[in-house]
*Asks:* 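Okay, here's the structure, questions in a sec.
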2 protein chains.
Amino acid sequence: MSNDTAATYDPSQYDRPSVTVDVVIFSLIDDRLKVLLVRRKQWPFAGMWAIPGGFVRMEESLEAAAARELAEETGVRDVYMEQLYTFGDPDRDPRTRVITVAYFALVPANAIDPPQAGSDAAETRWFPMRDLPELAFDHAQILSYALERLQYKLEYTVVGFELLPDLFTLPELQHAYELILGEALDKRNFRRKILASGILEETGEMRREGEGRPARLYRYKENAVVEVKARRLFP
Amino acid sequence: MSNDTAATYDPSQYDRPSVTVDVVIFSLIDDRLKVLLVRRKQWPFAGMWAIPGGFVRMEESLEAAAARELAEETGVRDVYMEQLYTFGDPDRDPRTRVITVAYFALVPANAIDPPQAGSDAAETRWFPMRDLPELAFDHAQILSYALERLQYKLEYTVVGFELLPDLFTLPELQHAYELILGEALDKRNFRRKILASGILEETGEMRREGEGRPARLYRYKENAVVEVKARRLFP
DNA sequence: TAAATAGTGTCTCTTAGACAATATTAT
DNA sequence: ATAATATTGTCTAAGAGACACTATTTA
């Protein structure tokens, strides 16, 4: 806290809840928006799937805890991550009072550790957002909110490229947007809007795979990303 | 949390941080945007001002804790309140690890208890946002972020009326917006935008005070507010 | 040369901003 | 009548959506 109204303080006079971070990890895999889930082995919700998370250690910040969870599950660091919301209903965990600070992360598929090696041998799996299993705790609510936020952000920022490799083509980026938003977009309007944002630049190179005409490869400008980050709603 | 990655659980194996809620309480008083602060009496930051807040009790939700703090400080219930962000740097409180879930509330000045009677005798005072004292903890950062969010929301929603009494005139509403945004707005464009949102309705009555032509009194439509609430970014 | 994919321009409609005159009341 | 405040409409510029054809490559 900060102050106990009358500014008295005695930690032992209050029971303390547990605090965890849960990280909703999104990626585009096999042409679908997928989320990484962990299978629970014990009560409560044994056998059900859950968003990866864990306790916040006493000496680490919330962001550090979320980044640590992400790295443990995917081996990935330095990807887009933002705080989503804090969920704290008293009965959301049947064991004890647990307040969780939820984050969501966007991870390019090519950056993920091959065998999804968690530090321990917990079973993890990527699930399509449109085909989720039954979820433990209030995690269905958290996932639903994370998707809503991701879709919302796609409409007014250009975070989509955070799910792609460093170099990508505009058709690839548009495809990513269409997968997440669940609707087709007009090529010309999409290109106009994205390029007008000024955060992409051509590499001068082409991607020549597949049958048709090769596509130009783009990257995002580091400076421009700073601009976008400054305008984020959530610090 | 939810799961400890490997789904083992033993609460005693982890130290637990304290969890508090801090509530940034905004109101329009004496023609200024003001925020309610509490003077600290003890170490740390004795004598400095802080955002009102307190521990989350084991049996209450975060929202309930925030609403309780708000009621204790202002006597007000059932006003606009939303979760702002969760701040958890390990050293934000020199006493122990304290994670705070920050909320912000919009309170109509006419609804506030006259003598600002907190349940205890802590000294509280309304400070203009443009003339803040030195603040305890990371509360300057929290206030700054709360103002940013309020200004942002004013631009794409019509939350401004949450700071006004049930009945209000369009010039009063515009004045509230100008105070918060810190800039003059065009009367005609403002009225067009607000009325186009469809969330206000005329009462048929007039406010006849002061010298000039009386102004029409409006209220907000309950149904319309539900619509706006459904479109909120934060659940 | 056929098939596949990448890339481009215009028109329209809506929205937001700039801008000034009239209407209604109290004094 | 004068002062004070409330109310109203138009023009313009910019942004968003609808829409179809040309360009470049591989097989």
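Residue numbers start from 1 in every chain, and the chains themselves are labelled A, B, ... in the order their sequence lines are given, proteins ahead of strands.
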*Asks:* Can a side-chain donor-acceptor contact be found between A:Asp89 and B:Ser61 if the only test is distance below 3.5 angstrom?
*Replies:*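 No pair is found: no donor N or O on one side chain lies under 3.5 Å from an acceptor on the other.
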*Asks:* Starting from P on D:dA6, measure out to CZ on B:Phe190 and report it in whole angstrom.
*Replies:*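 Those two atoms, CZ and P, are 12 Å apart.
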*Asks:* Taking NZ, NE, NH1 and NH2 as the nitrogens, is one of them in B:Asp138 or B:Arg92 under 4.0 Å from a carboxylate oxygen of the other?
*Replies:* yes
*Asks:* In whole angstrom, give the distance that lies between atom CZ of B:Arg207 and atom C1' of C:dA26.
*Replies:*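 My rounded result for the distance is 17 Å.
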*Asks:* Could you check how far CZ of A:Arg191 sits from P of C:dT5, rounded to whole Å?
*Replies:*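 So the CZ-P distance, A:Arg191 to C:dT5, works out to 15 Å.
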*Asks:* Rounded to the nearest 0.5 Å, what separation is found between the CG atom of B:Leu33 and the CG atom of B:Leu150?
*Replies:* 6.5 Å
*Asks:* Suppose the criterion is salt bridge (Lys or Arg N to Asp or Glu O under 4.0 Å): which pairs have a residue in residues 208-217 of chain B, not counting sequence neighbours?
*Replies:* B:Glu202-B:Arg216
*Asks:* Atom pairs, N/O to N/O, protein against nucleotides 13-16 of chain C, distance under 3.5 Å?
*Replies:*
from	atom 1	to	atom 2	distance (Å)
C:dA16	N7	B:Arg192	NH1	3.4

*Asks:* Roughly how far, to the nearest 0.5 Å, is OH of B:Tyr103 from CE of B:Met81?
*Replies:*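 Separation between the atoms: 7.0 Å.
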*Asks:* What one-letter contact string describes nucleotides 20-27 of chain D from 5' to 3', where B marks a base within less than 4.0 Å of any protein heavy atom, S marks contact via sugar-phosphate atoms alone, and - marks no contact?
*Replies:* B--BBBS-
*Asks:* Could you tell me how far apart A:Leu195 (CG) and D:dG15 (C1') are, to the nearest whole angstrom?
*Replies:*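 Computing the A:Leu195:CG to D:dG15:C1' distance gives 16 Å.
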*Asks:* When rounded to the nearest 0.5 angstrom, what distance separates CG in A:Leu181 from CD in A:Gln151?
*Replies:*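 Output value for this atom pair is 6.0 Å.
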*Asks:* Is it true that B:Asp30 and B:Arg32 make a salt bridge, defined as a side-chain N closer than 4.0 Å to a carboxylate O?
*Replies:*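 Salt bridge between B:Asp30 and B:Arg32, a charged N being under 4.0 Å from a carboxylate O: no.
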*Asks:* Just checking A:Arg216: base, sugar-phosphate only, or nothing, at a heavy-atom cut-off of under 4.0 Å?
*Replies:* sugar-phosphate
*Asks:* Atom CD of B:Glu205 and atom P of C:dT25: how far apart are they, to the nearest Å?
*Replies:* 15 Å
*Asks:* Please confirm whether B:Phe168 and B:Tyr218 have ring centers closer than 6.0 angstrom.
*Replies:* no
*Asks:* Whether B:Glu155 and B:Lys153 form a salt bridge (side-chain N of Lys/Arg under 4.0 Å from carboxylate O of Asp/Glu) is what I want to check.
*Replies:* no
*Asks:* Between atom CD in A:Glu172 and atom P in C:dG7, what is the gap in whole Å?
*Replies:* 10 Å
*Asks:* Tell me: CG of B:Leu185 to P of C:dA18, nearest whole Å?
*Replies:* 10 Å
*Asks:* In this structure, how many angstroms lie between the C1' atom of C:dT24 and the CG atom of B:Leu217, rounded?
*Replies:*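 Result: 15 Å.
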